[in-house]
2 protein chains.
Amino acid sequence: MTARREIPTIPDVAREAGVSMATAARALGGYGSVSAAAKERVAQAAKTLGYRPNVVARSMITGRTNAIGVVLADIENAFFSSAVRGIADAARAAGQHVILANTDEDIEKEHAAIRVFVERRVDGLIVCPTDGTDRTYLRGIIEQGTPVVLLDRRIRGLRADSVGIDNHRAAYEATRYLLAAGHERIGVVTGTASDVEAALHRPGLVGVENLVGMTGGERTAGYRDALLQAGIEPRVDYVVSGGGYRREDAVAATKELMALEEPPTAILPLDSILSLGVLQAVRELGLRCPRDVSVVGFDDAEWTETVTPPLTVVAQPVQEIGARALQRLLSRIDGSRQRPVHETLETTLVERESVGPPLSEG
Amino acid sequence: MTARREIPTIPDVAREAGVSMATAARALGGYGSVSAAAKERVAQAAKTLGYRPNVVARSMITGRTNAIGVVLADIENAFFSSAVRGIADAARAAGQHVILANTDEDIEKEHAAIRVFVERRVDGLIVCPTDGTDRTYLRGIIEQGTPVVLLDRRIRGLRADSVGIDNHRAAYEATRYLLAAGHERIGVVTGTASDVEAALHRPGLVGVENLVGMTGGERTAGYRDALLQAGIEPRVDYVVSGGGYRREDAVAATKELMALEEPPTAILPLDSILSLGVLQAVRELGLRCPRDVSVVGFDDAEWTETVTPPLTVVAQPVQEIGARALQRLLSRIDGSRQRPVHETLETTLVERESVGPPLSEG
DNA sequence: TTCCATGTTGATAACGTTCTCTCCCATCAG
DNA sequence: CTGATGGGAGAGAACGTTATCAACATGGAA
């Protein structure tokens, strides 16, 4: 066993300072009223003994842990690591700590993580729910007293704040941008898992926005609506997924897209890893971007302007999304009973060099 | 105030089950001996009431929090987010949680983070110390009973385990690779902060490896030794830094390098963000890689094979470094008194297309 | 039958804080 | 001189667990 050296406690400090435990506690904790003289002697004694408050004991009595549980898919994904950075900075300023859990989009892991966080009595949770998350589970958590804020995604029918972007509008504008460049055959590479993928395949992409809380669904709907508004009939075979959000998935999806009889002249990958896959596939097919295919990606990753060609993207203020999520959570922790707010931050279309006019036929 | 609904505790469960509190506690906690019948009734009662153990109270008495503090420069940096992923996975398997703190290479933030983690009574710390960290501070933490494992970097004279790579050897081999391709004028782009940068500027780069625990120092030494072994005199003006680890810093450093009278024909950026900067600078200068300049980077980021040209890099097993660090920490937490181990994992030189023969003169 | 080992149980003491309450005493207005 | 007021201090409870210890069954061996 680790023979943790005897750690001084408040009674020790009190003894050293020659005051009662209660007085020492007040002096150290900065609450109640203590004479200047006593305060001084306690401070001195604490320094001599090297006293450090025991946060666990404090949490025990105050009922607050000053810890926030953050539940997301994968911290290695740049989107999430930026979000966590935003959360962590805001948390630090508020005296809160961030505890991390990765779900890998696995509902079981998500539930397990949330359960343990609740047992740990975190002050609140920031969750990026996986596709299948049902609202009743999280509702139970909230009703039981742990505030929850959703990040990036939403859950229909759940009374919880959420912070993200307007996915429909972001995709709508990206698509309009491609339309304006002259493209009419525009493909979408999404990461949507295969089990819900079927939902995408309704004629005319009707109802994709109803895919539960999925950013992918909302973005696909935005894409569809931009096409419709331009008088172009959405094609089901232009929306493809390799089965997940890994680069290989996007490579496969892109190749599938480009193997069509009438391949698209522009591609819209729905996140940054997928963009990487699209670029790789284009390269592997011996095509040139933007000469042969134009690309507009999502998320302004660190490499987007260094890649050739520099990638035109829809940039999300990811750190700020994280920071805002934490702010909302804090105000819930402080007892705000306001009705749920769904906050959407502005996206920016960052024009670089991956979009050109469509390759003229034949 | 958040009116947290009355949360059931062990006495509540005991009452419901009609047993003593002690028995209920044993049944729920899975310790001591309880009859099958009692166990059953307690489980039933717990289910009825929706009992959830209070981890804070448990920590209070056991003295263990099952939480690991992870202190690193910046979670947004891909190296660290991969390391955290490795740590988190291993931690999950061991029933531990990960609490995060970013230092931004700021010694004050690092100390503050460690202090608060100790007050939180974390079971142990994984620290990637900033350049200026003095050993006495961490030594105090360890002696006081909180085990510490260093990640990626070391601190000379500190009795703590560390996990990372053999930086000297990795840089040595990367340099040898460039030498083998025919390069004799090889530049290094490092992120070393300006205040220690001076140390790099000794004639012949003598003693760079003594820069306190710096990966940059060790890598530069490996580079130097490869040159010396090939009979090439290291040039002080070939080792440059833009003052930090941001991309702009590397852009500036690279331009400085290429503006020399005899510019290098190959560049060795010492981390992945710096590689991005080097590539960007090469591009901005209207040069082509590898035709005009060859590049070997550090760390196999997700974009390295998608960039043009695909980047040849020294790959570190980053997730594994994190996982091993956690393993070492766990064994210390379990009381291992073994003398400190410095574990170095193998790196791999991943050959892609960013290295070619040097451009023949004029 | 007696005795000891073993398994089960309950009462109660920790753990290190913060919170509640009471008491003391000095001050000051009437 | 009296009574109200309030700052300062101390004793002890409370938080929800786990740990300790004694008490009590039960059963098999002597």
Side-chain angles (χ1 to χ4, degrees), chain A residues 1 4-43 45-46 49-66 116 118-123 144-145, chain B residues 1 4-43 45-46 49-66 116 118-123 144-145:
Chain A
M1 283 290 103
R4 212 171 251 252
R5 186 188 282 189
E6 208 57 40
I7 295 178
T9 67
I10 288 186
D12 298 326
V13 175
R15 208 170 306 121
E16 174 82 14
V19 299
S20 75
M21 186 192 108
T23 301
R26 277 190 286 257
L28 292 168
Y31 60 94
S33 68
V34 191
S35 67
K39 206 172 288 183
E40 171 57 29
R41 286 169 59 198
V42 170
L49 269 53
Y51 170 80
R52 297 263 122 233
N54 183 327
V55 175
V56 177
R58 179 178 296 164
S59 295
M60 175 93 202
I61 179 84
T62 61
R64 290 195 47 170
T65 52
N66 293 320
V116 188
V118 170
E119 291 180 356
R120 225 169 227 288
R121 301 294 193 267
V122 293
D123 291 345
Q144 184 228 329
Chain B
M1 281 293 103
R4 214 172 250 253
R5 184 188 284 188
E6 207 58 40
I7 296 179
T9 65
I10 287 185
D12 297 326
V13 176
R15 208 172 305 123
E16 175 81 13
V19 298
S20 76
M21 186 191 113
T23 300
R26 276 189 287 257
L28 293 168
Y31 59 94
S33 70
V34 190
S35 67
K39 208 174 284 184
E40 172 57 29
R41 287 169 59 199
V42 170
L49 269 53
Y51 170 81
R52 297 263 123 233
N54 183 327
V55 176
V56 177
R58 178 178 296 164
S59 295
M60 175 92 200
I61 178 85
T62 61
R64 290 194 49 167
T65 52
N66 294 320
V116 188
V118 170
E119 291 180 356
R120 229 170 222 287
R121 302 294 193 265
V122 293
D123 290 345
Q144 186 229 327

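Because the structure is a prediction, the values reported are computed rather than measured. Below, chains carry the letters A, B, ... as their sequence lines are ordered, and counting in each starts from 1.
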*Locate the shortest heavy-atom distance separating B:Val42 from B:Ala17; write the atom from each residue and the value.*
CA-CB, 4.0 Å

*Distance (rounded to the nearest 0.5 Å) between B:Leu49 CG and B:Ile10 CD1*: 12.5 Å

*Which nucleotide sits closest to the side chain of A:Ala22: D:dA11, D:dT18, C:dT9?*
D:dA11

_So, OP1 or OP2 of C:dT9: does either fall under 4.0 Å of a side-chain N or O from B:Ser35?_
yes

*Please say which of B:Asp123, B:Val122, B:Val55 ends up in a side-chain contact (heavy atoms from CB on, under 4.5 Å) with B:Asn66.*
B:Asp123

*A:Arg120 and B:Thr65: which non-hydrogen atoms are nearest, and at how many Å?*
NH2-O, 2.8 Å

*Where do B:Met21 and B:Pro11 come nearest, in terms of heavy atoms and distance?*
SD-CG, 4.0 Å

_Using heavy-atom distances to pick each residue's nearest nucleotide on DNA chain C, tell me which of B:Ala38 and A:Pro53 is more 5'._
B:Ala38

*asked:* Measure NZ/A:Lys39 against P/D:dG7 and give the value in whole Å, please.
replied: 13 Å

*Between C:dT18, C:dG16, D:dT17, which one does the side chain of B:Met60 approach most closely?*
C:dG16

_What is the separation between atom CE on B:Met21 and atom C1' on D:dA14, rounded to the nearest whole Å?_
13 Å

*Could you tell me whether the phosphate oxygens of D:dG8, OP1 or OP2, come under 4.0 Å of any side-chain nitrogen or oxygen in A:Ser33?*
yes

_Rounded distance (Å) that lies between atom C1' of D:dG16 and atom OH of B:Tyr51_ = 8 Å

_Rounded distance (Å) that lies between atom P of C:dT17 and atom CZ of B:Arg121_ = 7 Å

*Which sits closer to the 5' end of DNA chain C, B:Ser20 or A:Pro11, going by the nucleotide each is nearest to?*
B:Ser20

*asked:* If I take atom CG in residue A:Leu28 and atom P in nucleotide D:dG10, what distance separates them, rounded to the nearest angstrom?
replied: 14 Å

_Does D:dG10 have its OP1 or OP2 closer than 4.0 Å to a side-chain nitrogen or oxygen of A:Thr23?_
yes

*Pick base, sugar-phosphate or nothing for B:Val34, based on heavy-atom distances below 4.0 Å to the nucleic acid.*
sugar-phosphate

*OP1 or OP2 of C:dG16 less than 4.0 angstrom from a side-chain nitrogen or oxygen of A:Thr9, does that happen here?*
no

*So which nucleotide from D:dT18, C:dT17, D:dG10 ends up closest to the side chain of B:Thr62?*
D:dT18

*Can you tell me the distance, in whole Å, between the CZ atom of B:Arg26 and the P atom of C:dT8?*
10 Å

_Could you tell me how far apart B:Ile61 (CD1) and D:dT18 (P) are, to the nearest whole angstrom?_
9 Å

*asked:* Does C:dT18 have OP1 or OP2 under 4.0 Å away from a side-chain N or O of A:Tyr31?
replied: yes

*What is the distance from CZ of B:Arg120 to P of C:dT17, rounded to the nearest Å?*
15 Å

*Report which part of the nucleic acid B:Val56 touches: base, sugar-phosphate, or nothing (heavy-atom distance under 4.0 Å, all strands).*
nothing

